[in-house]
Every structure is written in structure tokens, then in C-alpha cells.
Colleague: 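Input: one structure, supplied below.
Per chain, numbering begins at 1; letters A, B, ... match sequence-line order.
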There are 2 protein chains.
Amino acid sequence: MQSTQDSVKSSAKVTIADVAREAGVSKGLVSFALNDRPGVAADTRARILQVAEALGWTPSLRARSLSSKRSFALGLVIARDPEVLGSDPFFTSFIAGVETVLAPEGLALVLSVVPDEETELQTYRTLVSDGRVDGVFLSDLRIDDARIQCLADLGLPTVTLGRPDQPSPFPAVSIDDTHGIAESVRHLAGLGHRRIAHVAGSPAMLHGSRRQEAFTSAMRAAGLGDGQIVETDFSIAAGADAARRLLSQPEPPTAIVFANDPMAIAGIGVAQELGIRVPEDVSITGFDDIEFARYVYPALTTVGATPLVWGRAAAATLLGLIRTGGADDVDLPAARLIIRGSASVPAPG
Amino acid sequence: MQSTQDSVKSSAKVTIADVAREAGVSKGLVSFALNDRPGVAADTRARILQVAEALGWTPSLRARSLSSKRSFALGLVIARDPEVLGSDPFFTSFIAGVETVLAPEGLALVLSVVPDEETELQTYRTLVSDGRVDGVFLSDLRIDDARIQCLADLGLPTVTLGRPDQPSPFPAVSIDDTHGIAESVRHLAGLGHRRIAHVAGSPAMLHGSRRQEAFTSAMRAAGLGDGQIVETDFSIAAGADAARRLLSQPEPPTAIVFANDPMAIAGIGVAQELGIRVPEDVSITGFDDIEFARYVYPALTTVGATPLVWGRAAAATLLGLIRTGGADDVDLPAARLIIRGSASVPAPG
DNA sequence: TTCGCCGACTAAACCGGTATAGGTTTGCCC
DNA sequence: GGGCAAACCTATACCGGTTTAGTCGGCGAA
């Protein structure tokens with residue numbers, strides 16, 4: 001209140017040189033103190049940090065990027081038809097989870113939405129050659145996924161969402177979704193269903209084929225044969241088509257296990273449209289537990305995925321990989337079946 | 001195939017200095033040629049670019065950022081409860097639209113998902129002080145929105161999604177959503193409905209209050225009084241609650257206009273749960289035309305928004321603002337009513 | 001012929017950090 | 001008391017572009 005002090009003397013950004021001068025040390029030492037590295041006396045370090053604080057100095061991200069060859073950002077590339085993407089709430093929740101660990105670290109998330117795989121590979125290359133990110137999340141793993149080799153070649157630190165079907169140099173953060181499918185089948189079998197069908201996701205996608213396998217083996221284990229399977233691309237439209245096909249048969253299944261919630265919800269809609277009651281005439285289960293699942297009628301019996309938790313774990317793992325050069329695989333708790341109203345005992349006969 | 005040529009001689013990144021040497025000019029001139037500025041002879045420029053091409057030179061984004069004080073990235077901050085966010089497909093489509101214009105320009109999108117407004121303001125400040133972005137999109141405009149002043153103070157180029165209710169220094173990219181609401185009311189009135197209710201979004205949000213006003217004035221214009229209105233926060237849960245409240249009344253409305261699709265879909269669920277038939281006993285309309293709208297039963301009569309187009313327009317406008325220092329407001333074509341099965345003539349009586 | 005000016009181009013400073021090769025102290029040991 | 005190493009710290013060269021202050025040659029006007 002009493003001094004016409006500096007501190008507002010100029011709106012020019014304060015730099016490391018200002019801090020160094022004010023603290024009576026060299027730029028280099030300020031840098032060392034900031035990144036707390038050995039070789040700085042404790043009291044000197046304290047003084048430097050205090051001066052920095054007083055001057056309100058924030059090291060320039062840009063300068064840091066240039067000299068340290070890091071970018072302080074992580075990347076996520078999503079390859080999907082935007083139209084289809086919209087109905088899948090996975091990514092928004094996943095990203096929210098990622099943010100919870102990035103934000104406190106001062107890291108940013110660079111997001112790309114691209115239409116196809118070729119563009120996706122190109123995007124990774126650009127991301128690397130621009131030095132835009134320090135690492136990426138690899139999602140929607142596919143069978144024999146070309147992106148793994150691409151990212152390995154690029155030398156870009158990566159965390160895969162799920163364990164690839166091929167040798168991979170990257171840590172995987174996975175959630176066991178086969179358990180939930182098996183639980184679904186057991187639940188339905190326990191209710192008395194014998195003709196259970198599966199609307200599978202794309203067999204080219206790892207979680208699609210894995211859930212399908214889980215379905216088959218659970219069916220066999222329950223002594224129900226292989227069960228009828230219709231493959232889709234995970235889209236709502238495809239799910240609706242599959243449901244229509246299954247339910248229009250002479251002897252339709254009494255229960256359908258859908259590989260994701262959007263398709264299951266479309267399935268409920270198709271059944272109703274056909275005058276088939278859910279769950280009296282056909283039981284339906286989904287996978288994901290998206291918010292809609294609780295609010296459609298009947299409420300969807302589904303398997304609860306936790307994209308937010310997944311995002312958090314993936315971000316923590318990627319951060320560890322980048323900082324220490326290595327990271328272990330992480331296995332999240334298996335997704336569990338959530339019982340609501342869309343599955344019940346089959347109609348007699 | 002025949003020459004053991006260079007080009008792979010060293011994996012070291014080729015820099016502007018390499019290009020300059022190879023082309024026999026100075027670094028500065030290469031820079032001038034690259035950013036095609038006056039003062040370079042046409043043939044010299046051509047030669048430089050050709051050498052750059054031959055050497056496979058890509059200017060370092062980091063170096064460019066440092067010296068030019070730009071970051072070649074745009075930002076989008078979303079403040080929402082991640083749980084609620086997931087059910088709203090708006091952003092994924094919007095982002096996809098944004099990407100279609102950013103990608104060809106070599107720009108990246110930095111995305112932040114934050115839990116509340118205070119964090120959002122802080123995020124903008126960090127984004128600016130880190131020089132992380134060259135501009136941002138401001139979405140989910142609120143009444144008397146504090147973010148506008150904040151962004152103006154920060155001097156961050158901004159495009160608002162919709163026209164704010166206060167003086168704003170920023171260009172607005174808007175879509176008229178009142179038209180669609182009015183169309184909905186007229187459609188329902190034309191079918192013979194007299195008791196029409198509105199499940200409004202948050203009155204604190206601009207599109208919430210605007211749609212509500214549009215509803216009210218359309219009702220009056222149709223000579224149907226003010227109509228019953230329930231305010232929500234746009235969330236599915238709130239929409240379900242509102243529907244339950246409305247439909248449990250002694251004299252429930254025969255039609256409900258929902259401020260968005262997720263709430264409308266929840267509304268259909270609630271009605272079915274209560275044993276109220278849609279559309280026989282109650283007609284329902286939504287807003288957004290999310291993908292689910294086509295696949296629930298009955299298919300949702302709703303107003304078609306076009307987030308992808310919006311994203312494209314917003315990105316183009318923001319780009320223009322950043323590059324030329326100014327940009328005009330853009331008005332997208334009004335959202336139109338899409339008639340499906342969830343609204344029909346009311347039951348007699 | 002000479003001056004002035006303009007367009008093309010060069011050299012070097014600069015952006016704001018990081019990294020590294022020295023320089024001082026200081027303390028300890030023989 | 002000289003020798004030496006560890007602990008601290010400084011000076012300076014980067015990182016790879018952009019930008020500015022000049023340099024230089026040539027041409028039109030005086």
C-alpha cells in the first residue's frame with residue numbers, strides 16, 4: 001500500500017532471466033531449481049522459487065518445448081464415422097477421466113477425430129513430426145492392428161486400451177469384458193432361457209471378437225449349444241437390423257445378448273415396433289451401462305463398464321511410461337452385470 | 001533402386017539451416033519463402049521451396065511457436081459433469097466438424113473437460129499463460145456469462161456458439177433453434193393438442209431460456225395460453241423426473257415438448273413405465289435429432305440440429321478471426337422439425 | 001556522372017528456456 | 001600445507017525458427 005513498487009511496472013511477460021537477476025543467480029540455476037534437480041543448495045533453491053513466486057513467473061511452455069523436445073501434451077486419435085461416434089458416450093467419459101490426471105500435471109490433451117484408418121495413421125505421423133504430443137492412447141484395438149507397428153516405428157510412447165492380439169511393445173490398460181458377457185449368459189440361462197442369441201460387434205475389433213468368443217464359450221458351458229450370432233459394426237443402425245432379423249425368424253430367440261448398449265436400446269425399440277414385448281417375449285441385455293440404459297423402458301440389464309476409471313488409469317500409465325521409460329500392464333476390475341428390467345423369465349412354451 | 005543416395009544419410013531432423021545451405025541462401029530468406037512474404041524473387045522462392053521439398057523439410061512447430069508466439073492449436077473447454085456429458089452426443093459431432101477444417105491447416109484441437117465453471121475460467125487462464133492455443137470456442141452460453149468478460153480480458157480470440165445476451169467482442173456462429181420449437185408447437189397444435197407442456201432446459205443457459213421463450217410465444221400465438229413448463233438442467237435424469245411429474249397430474253398434458261432428445265427419450269421411457277401410451281395418450285417431441293431418436297420406439301419426432309455443420313462453421317470463423325483479426329457473425333440455417341412417430345393426434349376427450 | 005532509391009538478400013539478434021563444460025569454494029585427509 | 005574431490009554455481013552454447021537492421025547491385029532521375 002505504501003510503495004510504488006514494481007510488479008506492475010510492465011505488462012511484459014516475466015522470463016527466467018528476470019528471476020535469475022532478481023535472485024542474483026544465473027539462468028541455468030533457476031532452471032535447475034525449477035526442475036528440482038541435484039546440484040542446487042537447499043536455501044538457494046528456496047530463494048529462487050520464492051523470487052519466482054513473487055515475480056509471478058511461469059516458465060514458457062513454448063521455450064521449454066523447443067529446448068527440451070517435449071510438448072507437455074498427450075494425444076488421442078479417434079477413427080470413426082462422426083455420425084456413429086455421437087451415439088457412443090464412451091469417449092467423452094474416457095476423456096473426462098484422462099483429464100482428471102492431466103490437468104493437475106499441467107498437461108493438455110490433443111484430440112483428433114478422423115474418418116478412417118489411413119487418415120489415422122497419417123495423423124499419428126503428423127503428430128510425431130510436429131512434436132505435438134509426448135504420447136498417445138490407442139483405443140478400439142483391432143485384430144492384427146496396423147497401428148501398433150506404426151506407433152512402434154514412430155517411437156511414440158503409447159498405452160493400448162486393452163491387450164492387443166499381437167506382440168506389442170506398449171503397456172496395456174485393460175478391463176476384462178468377457179466376464180460380464182459370461183455373466184449375462186449365465187443370468188439368462190438361469191432364468192430359463194434356452195434359445196439365446198448374440199448381436200456381436202465387429203469381429204475385426206478386438207473387443208468385438210472377444211465378447212463374441214466369451215458368448216460362445218459361456219453358451220457351451222451352459223449346455224446351450226453355440227447360440228445364434230449376428231455380426232455388426234457396433235452401430236445403432238446395424239444393431240437394429242440384427243434385432244429385426246433375429247426377431248422375424250419363425251422360431252426367434254427368447255433372449256438376445258447385445259455387444260453394446262446402443263444396439264441393445266435399438267433392439268428394444270425394434271421389438272416394440274414388432275409388437276414383441278420386452279422382457280415377456282424377449283429378454284435383452286446390453287454392454288456398457290450408458291446413461292440411457294437406466295432411462296429407457298424397460299430399463300436395460302447390462303454390463304457396467306467404467307470409461308472414466310479407464311481413462312484415469314490409462315492416463316496415469318501413459319504418464320509413467322513417458323517419465324520413467326517403462327510401465328506395467330494394468331488390469332482393471334472386470335465389468336459386472338447390472339440387473340434391471342429388460343431380462344426376465346421366458347414366456348412358457 | 002540404383003543410387004545409394006543421401007536422403008537417409010542421417011536420421012537427424014533436417015532444419016531450416018540445411019535448406020538454406022543447400023539452396024545457397026540465408027535462413028531468413030528460407031523463412032520468408034516459406035511464409036510467402038514479399039521481398040523474395042519468384043525464381044528464388046521456387047528454388048527454395050523445391051529444395052525444402054527435396055530434403056523433406058518440415059518446419060519445427062516448436063521453434064515456430066517460440067519465435068512467432070503462436071501455438072497452431074485451437075481450444076475447446078467443456079464444463080459439465082462427465083456423467084451427464086456422456087449422454088450428449090453434441091460435442092463429438094461438433095468436434096468432428098471442427099476437425100474437418102483444422103486438419104488440412106495443420107492445426108490441432110486441445111480439449112479440456114472440467115467439472116465446473118470456476119475450473120473452466122482457470123483453464124482458460126492457464127491455456128493463455130501457457131500459450132497453448134491461439135483461440136477458443138465458447139459453447140453452452142449462459143445468461144450473463146462470466147466467461148465472455150474473462151476471455152475478453154485475456155485477449156484470447158474467441159468464437160461464441162450462439163449469440164450472447166450481453167455485448168460481446170467476439171463473432172458469434174449461431175443456429176436459430178427457436179424456429180424448431182415453434183414448429184413443434186404448431187405441429188402439435190395442428191394435430192389437435194390443447195394441453196401442451198414444455199420440459200425446458202436450464203434457464204441459466206442461453207439455449208435453455210431461448211427455447212423456453214420460443215415455446216411460450218408459440219403457445220400464445222396458437223391461442224393455447226402459456227402452457228405448463230418444468231425447468232431442468234438438460235440432464236436425462238431431470239428430464240425423466242419432469243416427465244414423471246407432468247404425467248402423474250390429475251389432468252396431464254396430451255403433448256410434451258422436450259428441450260433436448262435425451263430428456264425426450266427418457267420421457268418416452270417414463271410414459272411407458274406409467275402405462276401411458278406414446279403417442280396415443282401423450283405425444284412427445286425432442287430437440288437435436290441424436291442418432292438414438294430414430295431407433296427408440298416410437299421414433300422421436302424432433303428438431304434436427306446439425307452439430308457437425310456448426311463445428312465446421314465455427315472453426316472456419318475462428319480461423320478467420322485469428323488470421324485477419326476480425327470475422328463476421330454467421331447464421332446457420334434454422335433447425336427444422338423432423339416428423340416421426342412420437343407425436344400424433346390426441347386421444348378424444 | 002552521380003545520387004537516391006528500391007528490391008533482393010544476408011547477418012545477427014531474439015524468443016525463453018535447457019544442457020554442458022568449466023570455474024570457485026569449501027572441507028577433508030595425509 | 002598441498003592435493004583433491006564434492007558441492008555449487010556461472011557462462012555459454014544450443015533448440016530451430018522469425019524478425020530486423022543492414023549490405024549490395026542496378027536503374028531512373030537530376
Colleague: With DNA chain C as reference, determine whether B:Ala63 or B:Leu29 sits nearer its 5' end, using the nearest nucleotide of each.
Modeller: B:Leu29
Colleague: Closest to the A:Val40 side chain: C:dC9, D:dC9, D:dG16?
Modeller: D:dC9
Colleague: Let me check the geometry of the helix from C:dT1-D:dA30 to C:dC30-D:dG1. What is the bend angle between the axes at its two ends, five pairs each, to 10°?
Modeller: 60°
Colleague: Which residue in the set A:Ile95, A:Val136, A:Val98 passes side chain to side chain contact (heavy atoms under 4.5 Å, CB included) when paired with A:Leu76?
Modeller: A:Ile95
Colleague: How many whole angstroms separate atom CZ of B:Arg64 from atom P of C:dC14?
Modeller: 22 Å
Colleague: Test B:Val30 against every option in B:Val51, B:Ile48, B:Asn35, B:Leu49 by the side chain to side chain contact (heavy atoms under 4.5 Å, CB included) rule and name the one that passes.
Modeller: B:Ile48
Colleague: With the side chain of A:Ser67 defined as its heavy atoms from C-beta on, choose the nearest nucleotide among C:dG17, C:dC9, D:dG17.
Modeller: C:dG17
Colleague: Decide, yes or no, whether a salt bridge links A:Asp331 with A:Arg163 under the criterion of side-chain N to carboxylate O below 4.0 Å.
Modeller: yes
Colleague: Which of these, A:Phe137, A:Phe90, A:Phe91, sits in a ring-ring contact (aromatic ring centres under 6.0 Å, His included) with A:Trp310?
Modeller: A:Phe90
Colleague: If you pin A:Lys69 and B:Gly28 to their nearest nucleotides in DNA chain D, which one's is more 5'?
Modeller: A:Lys69
Colleague: Tell me what B:Gly131 touches on the nucleic acid: a base, only sugar-phosphate, or nothing, going by heavy atoms under 4.0 Å.
Modeller: nothing
Colleague: Looking at the side chain of B:Ser26, which of C:dT10, D:dT18, C:dT18 is the nearest nucleotide?
Modeller: C:dT10
Colleague: Under 4.0 angstrom, heavy atoms only, what part of the nucleic acid is B:Ser65 near: base, sugar-phosphate, or nothing?
Modeller: nothing
Colleague: Side chain of A:Ile16 only, please: which of D:dC15, D:dC9, C:dT18 is the nearest?
Modeller: C:dT18
Colleague: Tell me the interatomic distance from A:Leu66, atom CG, to D:dC14, atom P, rounded to whole angstroms.
Modeller: 14 Å
Colleague: Using a strict 4.0 Å threshold on nitrogen-to-oxygen distance, state whether B:Arg323 and B:Glu105 make a salt bridge.
Modeller: yes
Colleague: Quick check on D:dT19: is either OP1 or OP2 less than 4.0 Å from any side-chain nitrogen or oxygen of B:Arg37?
Modeller: yes
Colleague: Grab the CG-P distance between B:Leu61 and D:dG17 for me, whole Å please.
Modeller: 10 Å
Colleague: Find the distance B:Lys13:NZ to D:dC15:C1' and express it as a whole number of Å.
Modeller: 12 Å
Colleague: Between C:dT18, D:dC9, D:dT18, which one does the side chain of B:Ser68 approach most closely?
Modeller: D:dT18
Colleague: Can you measure B:Arg45 atom CZ to C:dA8 atom C1' for me and round it to whole angstrom units?
Modeller: 11 Å
Colleague: Hey, is the side chain of B:Ser31 poking within less than 4.0 Å of OP1 or OP2 on D:dT18, counting only N and O atoms?
Modeller: yes
Colleague: Could you check how far CG of B:Asp43 sits from P of C:dA8, rounded to whole Å?
Modeller: 10 Å
Colleague: Nearest whole Å is fine: how far is D:dG16 P from B:Leu55 CG?
Modeller: 14 Å
Colleague: Count the heavy atoms of every other residue, nucleotide or ligand shown that sit under 6.0 Å from CG of A:Asp328, and state whether that count exceeds 12.
Modeller: no
Colleague: Less than 4.0 Å between a side-chain N and a carboxylate O, is that true for B:Glu117 and B:Arg147?
Modeller: no
Colleague: Please tell me if B:Trp57 has a side-chain N or O lying less than 4.0 Å from either OP1 or OP2 of D:dG16.
Modeller: no
Colleague: Is any side-chain nitrogen or oxygen of B:Lys27 closer than 4.0 Å to OP1 or OP2 of D:dT19?
Modeller: no
Colleague: Counting any heavy atom closer than 4.0 Å, what does A:Val30 reach on the DNA or RNA strands: base, sugar-phosphate only, or nothing?
Modeller: nothing
Colleague: Looking at B:Arg142 and B:Asp165, does any basic side-chain N land under 4.0 Å from a carboxylate oxygen?
Modeller: no
Colleague: Could you state the atom-to-atom distance from CZ of B:Phe32 to C1' of D:dG22 in whole Å?
Modeller: 13 Å
